[in-house]
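Report on one structure; see the data block that follows.
Counting convention: from 1, in listed order, for ligands and their atoms alike.
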Amino acid sequence: MSGQIKYSVIVPMYNEEEVIDHTYGRLKEVMDSAGEPYELIFVNDGSRDRTADKTALIASVDPNVRLIDFSRNFGHQIAISAGMDYAEGDAIVVIDADLQDPPEIILAMIDKWKEGYEVVYGRRLKRKGETMFKKLTALAFYRLLRSMTNVDIPLDTGDFRLIDRKVCDVLRGLKEKNRFVRGLISWIGFRQTSVEYVREERFAGETKYPLKKMIGFALDGITSFSYKPLKIATYLGFFLSLGSFIYLLVVLYQRLFTSTTEAGWTSIVAINLLFNGIILILLGVIGEYIGRIYDESKDRPLYIVRETLGYKEQAAQDRPERAEAPRRANQDGR
Ligand code: UDP
Ligand code: MG
């Protein structure tokens with residue numbers, strides 16, 4: 001580590017060609033005003049547009065800018081993790097590329113950090129310009145997650161936050177593949193506080209989190225931190241067995257003491273459908289966990305880097321271990 005850089009700002013980008021210039025401008029202004037050495041780490045998460053070219057251009061004129069270019073789209077949470085592998089600063093900030101999180105808030109985060117907090121997360125007071133659906137699902141998600149997990153994941157916070165080098169180092173040591181970064185940061189602990197802000201509208205372009213990605217993200221969040229969905233099987237199984245046993249008594253009574261037993265077809269079909277449905281759902285729940293165990297056991301690298309820009313040769317040798325393996329593989333192939 002160079003030891004020179006005070007702040008690292010990580011910006012994950014997926015098809016953000018429309019915003020990158022503006023985002024860079026705002027971030028530069030804010031970080032210049034902080035008055036200490038910094039680096040802007042743009043992680044290009046396999047964009048299909050000109051995001052990488054535009055960032056490369058910026059990196060070629062501004063020595064504070066780095067580009068980590070992924071070989072394909074690995075996902076937002078992994079892009080953030082890669083940024084942390086490369087970050088050299090004493091404090092590391094994660095911010096979205098679309099300017100929904102106002103860069104000016106970083107200064108307030110830095111103040112809190114200087115007071116001694118090791119994690120300063122941005123807490124959204126309001127979300128502007130997002131659809132009702134997005135707001136409602138986000139609301140439901142954060143409450144659900146909170147009720148399901150033992151980890152104290154703060155409500156209404158995204159990944160916009162500042163973390164101390166110590167927290168970053170611990171986080172980098174957590175090797176799990178299905179990463180839910182904000183949950184991991186809560187789990188790690190340390191002195192945490194928040195800065196409140198209003199979430200702005202996206203500067204340009206559209207959300208890179210369609211419903212499908214959001215569901216995947218929610219499942220990662222819940223399964224990474226909770227076994228409760230698995231317990232549902234136990235509880236349901238217990239109650240259904242109890243109910244079945246009572247119904248069995250009823251049926252036996254009818255068979256032995258009345259003459260109404262042949263009218264049973266509807267109830268058999270209904271019970272069959274109900275139980276089959278429940279069993280399939282529970283198998284699905286178990287499958288979600290097994291799938292994730294499978295992911296972890298394969299031990300593939302978290303991401304693959306095509307190239308990095310903005311690093312001097314010397315500094316490049318100090319790159320962290322996890323990021324180095326894929327880089328070496330790349331150099332051979334070039
Ligand atoms: N992003 C990414 N990889 C992805 C999806 C999103 O790096 O696969 C980035 C995106 O470029 C943005 C941030 O993650 O900087 C948050 O995405 P977005 O603003 O689209 O999500 P929203 O704010 O709508 O939840
Ligand atoms: Mg956004």
Quiz item: Who's the nearest protein heavy-atom neighbour of atom 19 (O) of ligand 1, and how far?
Solution: D98 OD2, 2.5 Å

Quiz item: How far is atom 18 (P) of ligand 1 from its nearest protein heavy atom, and which residue and atom name does that atom have?
Solution: R202 NH2, 3.5 Å

Quiz prompt | Heavy-atom donor-acceptor pair, E288 side chain to T223 backbone, under 3.5 Å | solution = no

Quiz item: Which of the atoms in ligand 1, numbered in the order shown and given with their element, are less than 4.0 Å from a heavy-atom of N73?
Solution: 3 (N), 4 (C), 8 (O)

Self-check item: Residue and atom name of the nearest protein heavy atom (relative to atom 16 (C) of ligand 1), distance in Å to one decimal
Solution: D96 OD2, 3.3 Å

Quiz item: For ligand 1, which atoms sit closer than 4.0 Å to a heavy atom of G75?
Solution: 3 (N), 8 (O)

Practice problem: Could you find the nearest protein heavy atom to atom 21 (O) of ligand 1 and give me its residue, atom name and distance? | Solution: Y209 CD1, 3.3 Å

Practice problem: Just need the protein heavy atom nearest to atom 8 (O) of ligand 1, so name the residue and atom and give the distance. | Solution: K213 NZ, 2.7 Å

Practice problem: Using a strict 4.0 Å threshold on nitrogen-to-oxygen distance, state whether E17 and K54 make a salt bridge. | Solution: no

Quiz item: Does any donor atom in the side chain of D32 or Y38 lie under 3.5 Å from an acceptor atom in the other side chain?
Solution: yes

Self-check item: Cationic N near anionic O, under 4.0 Å, R26 to E104
Solution: yes

Quiz item: Nearest protein heavy-atom contact for atom 11 (O) of ligand 1: which residue, which atom, what distance?
Solution: E16 OE2, 2.6 Å

Quiz item: For Y121 and Q192, does a side-chain donor sit closer than 3.5 Å to a side-chain acceptor?
Solution: no

Quiz prompt | Heavy atom of the protein closest to atom 20 (O) of ligand 1 (residue, atom name, distance) | solution = K208 N, 2.5 Å

Quiz item: Which option, Q100, E206, H76, owns the non-hydrogen atom nearest atom 14 (O) of ligand 1?
Solution: H76

Quiz item: Are any of the N/O atoms in A79 less than 3.5 Å from those in ligand 1?
Solution: no

Exercise. Taking R179 for its side chain and L174 for its backbone only, find out whether a donor-acceptor pair lies under 3.5 Å.
Key: yes

Self-check item: Proximity of D45 to ligand 1 by residue part, where a heavy atom lies under 4.0 Å
Solution: side chain

Exercise. Check whether any side-chain heavy atom of D164 lies under 4.5 Å from a side-chain heavy atom of F190, and answer yes or no.
Key: no

Practice problem: Output yes when the distance from some N or O of ligand 1 to some N or O of A97 is under 3.5 Å, and no in every other case. | Solution: yes

Practice problem: For ligand 1, indicate whether the residue V43 contacts it via side chain, backbone, both or neither (heavy-atom separation under 4.0 Å). | Solution: neither

Self-check item: atom 1 (N) of ligand 1: nearest protein contact (heavy atom, Å)
Solution: Y14 CB, 3.7 Å

Quiz item: Under the criterion side chain to side chain contact (heavy atoms under 4.5 Å, CB included), which of T55, D96, V43 is the partner of M13?
Solution: T55

Self-check item: N/O donor-acceptor pair under 3.5 Å between Q77 side chain and V181 backbone
Solution: yes

Exercise. Run the numbers on Y197 and D101 for side chain to side chain donor-acceptor pair (under 3.5 Å), then give the verdict.
Key: CA-CA 8 Å; Y197 73 104; D101 312 321; 3.0 Å; yes

Quiz item: Mind checking whether R199 has a heavy atom under 4.0 Å from ligand 1?
Solution: yes

Self-check item: Carboxylate-amine/guanidinium contact D159 R182, below 4.0 Å
Solution: yes

Quiz item: Does D98 bring an N, O or S atom to within less than 2.8 Å of the Mg ion (ligand 2)?
Solution: yes

